[in-house]
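Report on one structure; see the data block that follows.
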Amino acid sequence: MILKNLHTENTAVQTQLLFEPNDKKVVSLQIAKGETLKEHVSKIPALLVCISGNAVFTDEKGTVINLNSGVYVMIEVNIKHEVKAIEESNFLLIK
């Protein structure tokens, strides 16, 4: 299957639950070009893996990570962060 094909809505930020083993989740996330997954915090540790595209992850600690295919970031608990898509970008969010 192709992750991009899971996102059929005409919205800037889309998610699609892939599977949920017990109390964990793997989510497909797509952010449209020029759009932002607004600043928020995670209550549990998470791993964000860029599958395609180009985006920038920033957090309140001053971390800046350029995300492109194969690049990932460990998201810390209770640290404000956001992701801005430079071009349409697809991710796997594992938490």
Side-chain angles (χ1 to χ4, degrees):
M1 295 185 68
I2 299 172
L3 289 172
K4 183 177 172 105
N5 292 345
L6 296 174
H7 302 282
T8 58
E9 298 175 27
N10 189 19
T11 59
V13 177
Q14 301 177 48
T15 62
Q16 179 67 41
L17 182 64
L18 295 177
F19 70 100
E20 192 171 2
N22 299 329
D23 61 344
K24 307 297 181 216
K25 294 181 183 178
V26 178
V27 177
S28 176
L29 167 67
Q30 178 174 284
I31 305 173
K33 178 180 179 177
E35 297 293 336
T36 301
L37 176 60
K38 295 179 183 174
E39 187 176 72
H40 62 284
V41 298
S42 179
K43 297 189 185 308
I44 61 172
L47 176 69
L48 182 66
V49 181
C50 184
I51 303 301
S52 65
N54 183 12
V56 178
F57 170 92
T58 57
D59 70 21
E60 67 181 321
K61 294 170 56 177
T63 304
V64 177
I65 299 175
N66 292 317
L67 298 168
N68 50 50
S69 183
V71 177
Y72 67 92
V73 60
M74 297 294 297
I75 300 173
E76 297 180 53
V77 175
N78 296 322
I79 301 294
K80 290 180 187 174
H81 60 278
E82 69 179 18
V83 180
K84 179 172 177 70
I86 307 306
E87 58 185 57
E88 182 177 271
S89 300
N90 291 280
F91 304 91
L92 288 179
L93 178 63
I94 303 164
K95 55 184 181 174

- Message: Please determine whether side-chain contact (heavy atoms from CB on, under 4.5 Å) holds for the pair M74 and L47, giving the CA-CA distance in whole Å, both sets of side-chain angles, and the decisive distance to 0.1 Å.
- Response: CA-CA 5 Å; M74 297 294 297; L47 176 69; 3.3 Å; yes

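- Rounded to the nearest 0.5 Å, atoms CD (E82) and CZ (F57) are 9.5 Å apart.
- E76 meets the salt bridge (charged side-chain N to carboxylate O under 4.0 Å, His left out) test with K61; sequence neighbours excluded.
- A85 and A55 get closest at one heavy-atom pair: CA-CB, 3.9 Å.
- Rounding to the nearest 0.5 angstrom, the gap separating the CG atom in N5 from the CD atom in Q16 is 11.5 Å.
- Counting all heavy atoms, side chain and backbone alike, A12 lies closest to E35 at CB-CG, 3.3 Å.
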- Item | side-chain contact (heavy atoms from CB on, under 4.5 Å) assessment of T63 paired with V73 | CA-CA 10 Å; T63 304; V73 60; 5.5 Å; no

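- Remark: side-chain polar atoms of H81 are paired, donor with acceptor, to backbone N or O of H40 under 3.5 angstrom.
- Side-chain contact between L93 and T15 is absent, with no heavy-atom pair separated by less than 4.5 Å.
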- Message: side-chain contact (heavy atoms from CB on, under 4.5 Å) for V83 and L29? Distances and angles first, verdict last.
- Response: CA-CA 11 Å; V83 180; L29 167 67; 5.9 Å; no

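- Under the 4.5 Å side-chain heavy-atom criterion for grouping Ile, Leu, Val, Met, Phe, Trp and Tyr, Y72 is connected to V26 within one hydrophobic cluster.
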- When you look at D59 and I65, which way does the side-chain contact (heavy atoms from CB on, under 4.5 Å) test go after all the steps? CA-CA 9 Å; D59 70 21; I65 299 175; over 6 Å; no

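- Counting only distance, with no hydrogens or angles, the side chain of Q14 and the backbone of E9 share a donor-acceptor pair below 3.5 Å.
- With hydrophobic clusters built from ILVMFWY side chains whose heavy atoms lie under 4.5 angstrom apart, V49 does not share a cluster with L17.
- Contact detail for V77 and I44: the closest heavy-atom pair is CG2-C, 3.6 Å.
- The environment of N10 atom CG is sparse: at most 12 non-hydrogen atoms of other residues, nucleotides or ligands sit within 6.0 angstrom.
- The CZ atom of F91 lies 10.5 Å from the OG atom of S28; values are rounded to the nearest 0.5 Å.
- Side-chain atoms of S69 come within 3.5 Å of backbone N or O of I51 as a donor-acceptor pair.
- Shortest non-hydrogen contact noted between K33 and I86 is CG-O, 3.3 Å.
- Closest of all the heavy-atom pairs between K95 and A46 is CB-CB, 3.9 Å.
- Both V13 and L48 sit in one connected hydrophobic cluster of ILVMFWY residues. Membership requires side-chain heavy atoms under 4.5 Å apart, directly or through other members.
- Distance alone, capped at 3.5 Å, places no donor-acceptor pair between the T36 side chain and the K38 backbone.
- With E60 contributing its side chain and K80 its backbone, the two residues share a donor-acceptor pair below 3.5 Å.
- Evaluation of the ring pair (Phe, Tyr, Trp, His ring centres under 6.0 Å) rule for H7 yields no partner, not counting sequence neighbours.
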